[in-house]
Amino acid sequence: MAQTTVRKSRWKKVTIWISVIIIALVAGVFAYLASVTYSPSEQAEMKSDNQVSVSEVKNGYQFESKGQDITQPNVVFYPGGLVEPASYAPMARALAEQGHRVYITKMPLNLAMFGGNRANSFLAEHAGESFVIGGHSLGGVFASRYAAAHTNQIKGVFYLASYADDGGRLDGTNLSALQITGSNDGVLNWESWEKAKSNLPNDTTFVSIDGGNHGQFGSYGMQKGDHEPKITEQEQLQRVVHALNEWMKSL
């Protein structure tokens, strides 16, 4: 009986220590991810103004024009890896000013790999309306995977410094795609990007922004490993929004 009591006491202590270690490891992971996550610049604000209404919704944020009818398609956006959603507010606002309803998805730990199906809630909210989906960097990869699994609900996919990997291949589908890159991008794996062209649908438009880099597809400053841009953030934003608008008009 005494030996059984001692064993139980030892096992209880071991269990407590294991729990403490697991909690410490989880806390350490969260702390590390927080330290390497990119925060939005001052001009990237999730605030409504006279032209655009900004609201928090399930799984993200909605940008919608106040002064005009909604222009189809609606836009769903998946942020880049370890980039806070607000970093893409300037782009979302600019598209909303053109009449599009735009959703920026909020990902668990700011990583699209943990929230690949979060677009479901946006599509369900406006069932029967048309949608395009896209993303920046890692976000574009998982946006493409979502589109590949929902080809009957999506009209097109756009990639900002991103590509369709084998899990999100769209070749053989009737979807339209838009590929936008920056010539000074030092983060994008250009070899993988080139190989992944075979995964795109026949109806794909390629746009290269001369002087643009990786980080300026959002508004969060220089990203580690990136090259210095040759154009301003505002200039790159204008070219991205113009390319998106022209592409969506063709759908």
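Positions are given from 1, in the same order as the sequence printed here.
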Problem set entry | Proximity of F122 and Y103 rings by center, below 6.0 Å | yes
Exercise. With distance as the sole test, does Y146 use its side chain to make a donor-acceptor pair with the main-chain N or O of V141 at under 3.5 Å?
Worked result: no
Exercise. Is the shortest heavy-atom distance from the side chain of E191 to the side chain of K195 under 4.5 Å?
Worked result: yes
Exercise. Looking at I104 and A89, what are the two nearest heavy atoms and their distance?
Worked result: CD1-N, 3.9 Å
Exercise. Just by distance, do the side chain of R118 and the backbone of K106 share a donor-acceptor pair under 3.5 Å?
Worked result: yes
Exercise. Any donor-acceptor pair under 3.5 Å linking the side chain of K66 with the backbone of D49?
Worked result: yes
Problem set entry | From S162 atom OG to F217 atom CZ, the distance as rounded to the nearest 0.5 Å | 10.0 Å
Problem set entry | Backbone N/O of T232 and side chain of E235: donor-acceptor pair under 3.5 Å | yes
For this session: Nearest 0.5 Å please: distance from the CD1 atom of I231 over to the CG atom of D210.
Result: 7.5 Å
Exercise. Without hydrogens or angle criteria, can the side chains of N213 and D226 be said to hold a donor-acceptor pair below 3.5 Å?
Worked result: yes
Exercise. Any side-chain donor-acceptor pair under 3.5 Å between H214 and S137?
Worked result: yes
For this session: Verify, without hydrogens or angle tests, whether T37 (side chain) and V83 (backbone) share a donor-acceptor contact under 3.5 angstrom.
Result: no
For this session: Indicate if L138 and L109 have the same hydrophobic cluster label, given that clusters are the connected sets of ILVMFWY residues with side-chain heavy-atom separations under 4.5 angstrom.
Result: yes
Exercise. Roughly how far apart are L251 CG and K155 NZ, rounded to 0.5 Å?
Worked result: 5.5 Å
Problem set entry | N110 versus P85, closest heavy-atom pair with distance | OD1-CD, 3.6 Å
Exercise. Are the side chain of Y159 and the backbone of A143 linked by a donor-acceptor contact shorter than 3.5 Å?
Worked result: no
Exercise. Within the distance-only criterion (no hydrogens, no angle test), does the side chain of R93 pair as donor or acceptor with the backbone N or O of V54 below 3.5 angstrom?
Worked result: no
For this session: Give, for atom CG of L82 and atom NZ of K224, the distance between the pair rounded to the nearest 0.5 Å.
Result: 11.5 Å
Problem set entry | Hydrophobic cluster membership, M107 vs V57, 4.5 Å side-chain cutoff | yes
Exercise. Do you know the tightest heavy-atom contact between S39 and S87?
Worked result: C-OG, 3.9 Å
For this session: Give a yes-or-no answer on whether the side chains of E233 and S219 include a donor-acceptor pair shorter than 3.5 Å.
Result: yes
Exercise. Are the side chains of M248 and V75 in touch, meaning some heavy atoms are under 4.5 Å apart?
Worked result: yes
For this session: Using modelled atom types only, decide if a donor and an acceptor are shared between the side chain of E64 and the backbone of R101 within a distance under 3.5 Å.
Result: no
Exercise. Are L111 and F142 side-chain neighbours, meaning at least one heavy-atom pair lies under 4.5 Å?
Worked result: no
Problem set entry | Minimum heavy-atom distance A112-G139, with the two atoms named | CB-CA, 4.1 Å
Problem set entry | Donor-acceptor contact present, side-chain H100 to main-chain I70, <3.5 Å | no
Problem set entry | D165 and N199 side chains, donor-acceptor separation under 3.5 Å | no
Exercise. Hey, does M91 have a side-chain heavy atom less than 4.5 Å from the side chain of L160?
Worked result: yes
Problem set entry | Nearest-0.5 Å distance that lies between atom CZ in F131 and atom CD1 in I154 | 7.5 Å
Exercise. Is it the case that W247 and S176 place a side-chain donor and acceptor less than 3.5 Å from each other?
Worked result: yes
For this session: Identify the two heavy atoms, one from I133 and one from A147, that lie closest to each other, and give their separation to 0.1 Å.
Result: CG2-CB, 4.0 Å
Exercise. For A148, does its backbone N or O pair with a side-chain atom of T151 as donor and acceptor, under 3.5 Å?
Worked result: no
Exercise. What is the distance from atom CG of N117 to atom CG of L123, rounded to the nearest 0.5 Å?
Worked result: 11.0 Å
